[in-house]
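Just so we're clear, the structure is a prediction, and the values are computed from it rather than from any experiment. A, B, ... follow the sequence lines: proteins, then strands. Residue 1 opens every chain.
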There are 2 protein chains.
Amino acid sequence: MLQKTVPTNMRNKKVVDLHAAKVACKECSLHQLCLPRSINGSDLEKLDSIIERKKPLKRNEHLFQVGSSFNSIYVVRSGSLKTYSPTVDGQEQVTGFHLPGELLGLDAIGKGRHPCAAKALETTSVCEVPFEHLEGLSQELPTLQHQLLRLMSKEIFDDQELMLLLGKKTAEARLSAFLLSISLRFKQRGFSSVEFYLSMSRNDIANYLGLAVETVSRMFTRFQEDGLIEAERKHIIIKNRENMRQIAGMNECCDETSARDSQQSI
Amino acid sequence: MLQKTVPTNMRNKKVVDLHAAKVACKECSLHQLCLPRSINGSDLEKLDSIIERKKPLKRNEHLFQVGSSFNSIYVVRSGSLKTYSPTVDGQEQVTGFHLPGELLGLDAIGKGRHPCAAKALETTSVCEVPFEHLEGLSQELPTLQHQLLRLMSKEIFDDQELMLLLGKKTAEARLSAFLLSISLRFKQRGFSSVEFYLSMSRNDIANYLGLAVETVSRMFTRFQEDGLIEAERKHIIIKNRENMRQIAGMNECCDETSARDSQQSI
DNA sequence: GTATAAAATTGACATTTATCAATTATGGCT
DNA sequence: AGCCATAATTGATAAATGTCAATTTTATAC
């Protein structure tokens with residue numbers, strides 16, 4: 001049941017609004033969790049039976065709030081969300097954006113409470129995976145346990161990359177890396193990596209990258225002047241990926257690595 | 001076997017150089033992994049049998065290098081290490097410091113290669129836990145699987161806290177939060193949270209916090225002028241924890257939460 | 001114990017990015 | 001379709017932190 005029917009035109013690489021996109025199961029991060037070759041049909045049904053589908057969230061609705069008790073992890077099916085934590089001074093820190101096929105809630109296992117909130121950036125639907133059931137099933141199915149550990153490890157790895165960005169990079173390097181990251185993730189989901197729509201505001205981007213909105217806005221302007229991108233609001237076209245890589249301080253290998261990894265698991 | 005004999009004077013809260021400290025097993029992050037109440041004697045032996053003790057590392061020796069293949073996770077027994085990733089421009093980004101009882105290598109599970117290197121900051125000994133065996137044993141022992149997931153979740157959570165620090169906080173807030181974090185971790189291991197020795201250089205601290213060495217040095221000076229700490233090189237005494245909390249932008253609850261969590265698991 | 005290298009500190013200055021303020025554009029709603 | 005709140009852009013200025021350079025202190029090696 002997870003492998004939602006996907007219109008054929010969605011499978012082709014084309015500009016697509018996440019709002020309308022259903023992720024192909026083959027691209028879904030749960031692919032290895034729910035459809036690994038090593039799991040046979042009846043085991044698959046077991047997994048399928050523990051997954052609950054929630055009714056779609058509207059824009060700005062919360063999937064979970066800060067401090068709410070942790071019961072399930074979630075997988076984005078369509079749309080997108082941001083996760084954010086409150087800071088003492090009443091602000092918020094955006095900790096991540098979540099596209100179809102990506103998991104939410106892994107940071108809550110330890111304490112049993114969600115340290116961040118998750119809010120839909122657009123109309124969004126998710127699969128809910130009750131954690132107790134997932135743990136139980138992982139106990140039976142070694143490949144499922146393995147995949148779960150891998151996905152959590154990937155999360156740790158990705159967070160460390162972001163730490164590097166926040167700690168060491170200039171504003172233009174941060175924005176460039178951000179756009180390339182989004183581009184790659186679209187590509188991995190079978191959509192165009194050259195032309196896409198951002199579902200988050202400039203404010204959210206700035207917050208995520210540890211910059212002021214104004215700085216992000218200026219960087220968008222500069223990138224256009226320099227012919228790196230075309231941007232009209234949320235509609236982005238990557239014009240010169242190679243230069244953007246250099247600005248982001250990425251060597252080609254980074255991109256390759258990520259791409260390779262994604263084929264393996266996510 | 002993991003519960004290494006600890007001199008009684010080490011169990012008391014006193015100033016201690018990590019160099020000489022062996023973590024008490026009760027404080028060890030592997031406590032729940034290797035000695036959970038729900039695991040009986042024979043199961044415990046199974047776990048014990050898969051753990052290998054490595055000969056101590058000397059200062060500046062590597063536990064693993066960037067890109068080396070991932071086979072085991074490691075737990076610090078005594079001493080301390082830093083983990084760091086190379087950046088394109090030949091610099092490095094310090095991604096973490098690891099005190100006795102803390103795990104290393106969780107970020108490598110996903111790709112099967114270590115994305116960062118681990119280097120001893122002083123004479124350091126570690127337990128090596130072959131990952132395949134750990135996975136296999138987790139398959140048998142639900143509590144072990146659960147604990148492993150919890151520890152990975154905690155790592156994700158901690159990384160997100162650091163992201164917040166790097167993205168939103170001033171230099172003084174970063175250093176203050178850093179010192180409080182170290183202080184708390186000493187406390188959790190049964191050592192003084194007021195007076196301790198840092199095993200890392202100012203350079204490493206600056207790198208970790210995304211600051212210039214000079215800035216860190218100036219902040220140390222300012223903290224002393226303001227009576228927040230006494231610092232002579234690596235020897236630190238916390239004089240005014242409450243003010244430091246405020247500067248770090250932490251509400252009291254943060255500290256509590258961390259402390260509570262640590263009792264539960266780490 | 002002395003020489004040498006490495007680490008830490010301090011000051012002067014440059015640069016980046018944040019902040020404040022004003023304007024324009026956009027999207028949601030009736 | 002038009003109004004209003006929100007989001008985005010742009011400019012001017014200020015503040016924080018980085019960079020460069022010099023000095024002092026500490027650690028390491030012979």
Please report how far the helix from C/dG1-D/dC30 to C/dT30-D/dA1 bends, comparing the axis fitted to its first five pairs with the axis fitted to its last five, to the nearest 10 degrees. 60°
What is the distance from CG of A/L121 to C1' of D/dA7, rounded to the nearest Å? 15 Å
A/S176 side chain to A/M244 backbone, donor-acceptor under 3.5 Å: yes
Protein-nucleotides 23-28 of chain C N/O pairs closer than 3.5 Å?
{"unit_1": "C/dT26", "atom_1": "O4'", "unit_2": "A/R233", "atom_2": "NH2", "d": "3.3"}

Rounding to an integer number of Å, can you tell me how far A/R222 CZ sits from C/dT17 P? 8 Å
Between A/E172 and B/V216, just flag the one whose closest nucleotide in DNA chain C comes earlier from the 5' side. B/V216
Salt bridge A/E102-A/R189, side-chain N to carboxylate O under 4.0 Å: yes
Euclidean distance, atom NZ of residue B/K168 to atom C1' of C/dT17 [Å, nearest integer]: 14 Å
Between CZ of B/F220 and P of C/dA7 the distance, given in whole Å, is 16 Å
Between A/E214 (CD) and D/dA7 (P), how many Å, whole number? 14 Å
Using a 3.5 Å distance criterion without hydrogens, assess whether the side chain of A/S183 forms a donor-acceptor pair with backbone atoms of A/S193. yes
With the side chain defined as heavy atoms from C-beta on, B/R218 is closest, among D/dT19, C/dA18, C/dC20, to D/dT19
Walk me through it: do A/Y208 and A/F97 pass the test ring-ring contact (aromatic ring centres under 6.0 Å, His included)? CA-CA 9 Å; A/Y208 178 68; A/F97 300 110; 5.0 Å; yes
Parallel, tilted or perpendicular, judged at 30° and 60°: which one describes the rings of B/H114 and B/Y74? tilted
Could you tell me whether the side chain of B/T123 and the main chain of B/K58 form a donor-acceptor pair under 3.5 Å? no
Side-chain atoms of B/T170 come closest, of C/dT10, C/dT17, D/dT17, to D/dT17
Taking D/dT9, C/dT19, C/dA8 as options, the one with an atom nearest any side-chain atom of B/K234 is C/dA8
Would you find a donor on one side and an acceptor on the other, under 3.5 Å apart, between the side chain of A/R174 and the backbone of A/L209? yes
With a distance cut-off below 6.0 Å to the six-membered ring centre and an angular limit of 45° from the axis, does A/K154 pair with A/F157 as a cation-pi contact? no
Nearest atoms (heavy-atom pairs only) where A/E195 meets A/H235: OE2-NE2, 2.9 Å
Counting side-chain heavy atoms from C-beta on, which of C/dT17, D/dT19, D/dT10 comes nearest to A/T215? C/dT17
Looking only at D/dG18, C/dT17, C/dT19, the nucleotide nearest the A/A171 side chain is C/dT17
Side chain B/K168, main chain A/N207, donor-acceptor under 3.5 Å: yes
Could you check which of D/dT17, D/dT10, C/dA8 has an atom nearest any side-chain atom of A/S217? D/dT10
Write down the distance between CG (B/N207) and C1' (D/dT19), rounded to a whole number of angstrom. 16 Å
Please report, rounded to the nearest Å, how far the P atom of C/dA18 is from the CG atom of A/L209. 10 Å
Let me know the distance between CG of B/L166 and P of D/dT17, rounded to the nearest Å. 13 Å
